[in-house]
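Order of listing sets the numbers, starting from 1, for every ligand and every atom in it. We count residues from 1, following the sequence as given.
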Amino acid sequence: MSLPKDFMWGFATAAYQIEGASEADGRGPSIWDTFCAIPGKIADGSSGAVACDSYNRTKEDIDLLKSLGATAYRFSISWSRIIPLGGRNDPVNQKGVDHYVKFVDDLLEAGIQPFITLFHWDLPDALDKRYGGFLNREEFPLDFENYARVVFKAIPKCQHWITFNEPWCSSILGYNTGYFAPGHTSDRSKSTVGDSAREPWIVGHNIILAHARAVKAYRDDFKPTQGGEIGITLNGDATYPWDPEDSADVEACDRKIEFAIGWFADPIYFGHYPESMRKQLGDRLPTFTPEEVELVKGSNDFYGMNHYTANYIKHKTGVPPEDDFLGNLETLFYSKKGECIGPETQSFWLRPMAQGFRDLLNWLSKRYGHPKIYVTENGTSLKGENGMKLEQIVEDDFRVKYFNDYVNAMATASAEDGVNVKGYLAWSLMDNFEWAEGYETRFGVTYVDYADDQKRYPKKSAKSLKPLFDSLIKKE
Ligand code: PNW
């Protein structure tokens with residue numbers, strides 16, 4: 001037995017990926033509705049307009065969670081259901097609020113602890129149009145704080161809050177490569193707007209400020225009576241040197257994590273950006289004013305960790321191009337010796353390598369002073385799954401093995417390395433709208449038949465987690 005007695009586990013989802021009902025009960029559009037409508041942005045031309053129809057199937061989803069034995073569920077709230085126009089002077093949509101209040105009541109009734117993500121990429125479109133959304137250093141943090149306060153007030157029973165999901169994705173994929181909404185990039189063949197060298201760093205900065213404002217609001221005005229905890233969720237991959245004999249590759253491994261995770265976590269734990277980023281980005285990286293440092297430093301009750309994969313890292317020489325966001329290095333699937341990091345999946349960026357999970361848990365734990373960690377996402381797609389027959393799909397042994405290996409790596413980090421990990425949410429409860437990849441890539445432990453009324457069929461992996469955690473969580 002290697003996980004603590006109070007360890008929570010379950011599954012994760014995000015509003016735009018599962019809810020559908022994009023116009024129900026007064027919801028306003030988000031930047032993802034707008035982005036999906038642009039031809040060529042989503043692989044299969046789809047959108048989240050219907051998705052898994054979870055907005056209308058809350059009972060079914062809760063029954064599913066219960067049947068799988070989950071003790072926790074991470075989901076996100078659609079900001080534009082709560083405040084359709086997004087801003088602090090815009091009206092609150094009571095129907096949207098009521099939906100989530102009831103959902104949380106029903107989860108608790110079923111014995112499932114909610115982990116609520118306030119923001120999983122679906123910015124109200126009106127704020128993007130009104131003042132440039134994340135790019136606005138004055139307005140955006142204030143509007144986010146206001147939205148967060150509305151939700152904290154409405155849902156006092158929630159004990160676990162996540163401010164932002166993966167701000168790296170919003171910043172880099174949204175404002176450098178243009179792969180995600182709102183699709184800004186310097187590449188004029190993809191977008192008429194954007195500055196890949198500057199905008200991502202501004203966006204990142206403003207998200208950190210918005211996170212910190214929401215945390216302060218929670219701690220000042222809600223935590224004393226509600227007693228919950230709040231933190232941010234960051235994504236990051238494990239890194240191994242392409243050539244372990246080359247100290248420049250070894251150094252580049254840390255630099256890669258600093259550019260992905262340290263970008264957000266260093267300000268939150270230390271009050272400043274990583275030195276490697278300041279050095280490479282110069283004055284394109286914003287600086288924190290003394291008031292901002294005061295606000296941001298210490299603004300995590302726990303560290304939310306999203307983790308999927310690992311890479312070999314090869315340093316680059318010379319001056320990096322201005323739009324470089326990796327830290328002047330290459331990410332590879334093969335080492336110098338020809339070792340492969342892991343088998344292919346349906347996602348071009350994802351190859352399973354469970355030891356990386358243990359190593360990154362240790363890296364984080366050491367760097368940030370042993371924070372309490374919740375793994376808020378971990379999971380895999382499966383090569384060619386979308387083209388298989390249902391009988392094959394539900395026999396997803398590849399995913400069963402992924403979870404088994406990764407959860408055991410985490411348990412080892414907990415028991416042998418002293419990492420303070422207290423929860424695990426598998427990505428994802430069900431197949432869903434996988435952003436720019438549309439519905440072709442499936443991450444669910446439950447198959448969703450989009451052609452037949454979004455019917456749900458639990459796969460083998462869905463049922464594999466309860467026995468796994470039962471065997472690892474201490475009873476006493
Ligand atoms: C995460 N990458 O996204 C998200 O939080 C989920 O909403 C998503 O469905 C899940 O992982 C699976 O993709 C990522 O390109 C998307 O490196 C892309 C990347 C990383 C994370």
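Looking at W427 next to ligand 1, an N or O pair under 3.5 Å apart turns up. Polar contact with ligand 1: absent for W168 (N/O pair, distance under 3.5 Å). Residue contacts with ligand 1: W121 is placed with no nitrogen or oxygen under 3.5 Å of a nitrogen or oxygen of the ligand (distance criterion only).
The backbone N or O of G384 lies less than 3.5 Å from a partner atom in the side chain of Q346, making a donor-acceptor pair.
In this pair, Y402 and Y406 present their aromatic rings parallel. The plane angle is below 30°, not in the 30 to 60° band. The aromatic rings of W9 and F11 sit perpendicular, their planes meeting at an angle over 60°, well past the 30° parallel limit.
A ring-centre distance under 6.0 Å is found for F103 and F75.
With respect to the salt-bridge test (charged N to carboxylate O, under 4.0 angstrom), the residues E258 and R255 do not qualify. A salt bridge links K59 with D63; the closest basic N to acidic carboxylate O contact falls under 4.0 Å.
Residue, atom and distance of the protein heavy atom nearest to atom 5 (O) of ligand 1 are E377 OE2, 2.8 Å. Among protein heavy atoms, the minimum distance from atom 3 (O) of ligand 1 is reached at E166 OE1, 3.1 Å.
In summary, the atoms of ligand 1 found under 4.0 Å from a heavy atom of N165, numbered by their order in the structure, are 5 (O). In the vicinity of E434, heavy-atom distances shorter than 4.0 Å reach the ligand 1 atoms 8 (C), 9 (O), 12 (C), 13 (O). Close approach to Y308 involves these atoms of ligand 1, each under 4.0 Å from a residue heavy atom: 10 (C), 11 (O), 12 (C). Atoms of ligand 1 lying under 4.0 Å from at least one heavy atom of H120, given by number and element, are 4 (C), 5 (O), 6 (C), 7 (O).
Across K389, K459, K460, a single residue satisfies salt bridge (charged side-chain N to carboxylate O under 4.0 Å, His left out) together with E395, and that is K460.
Using a 4.0 Å cut-off between heavy atoms, L350 makes no contact with ligand 1 at all.
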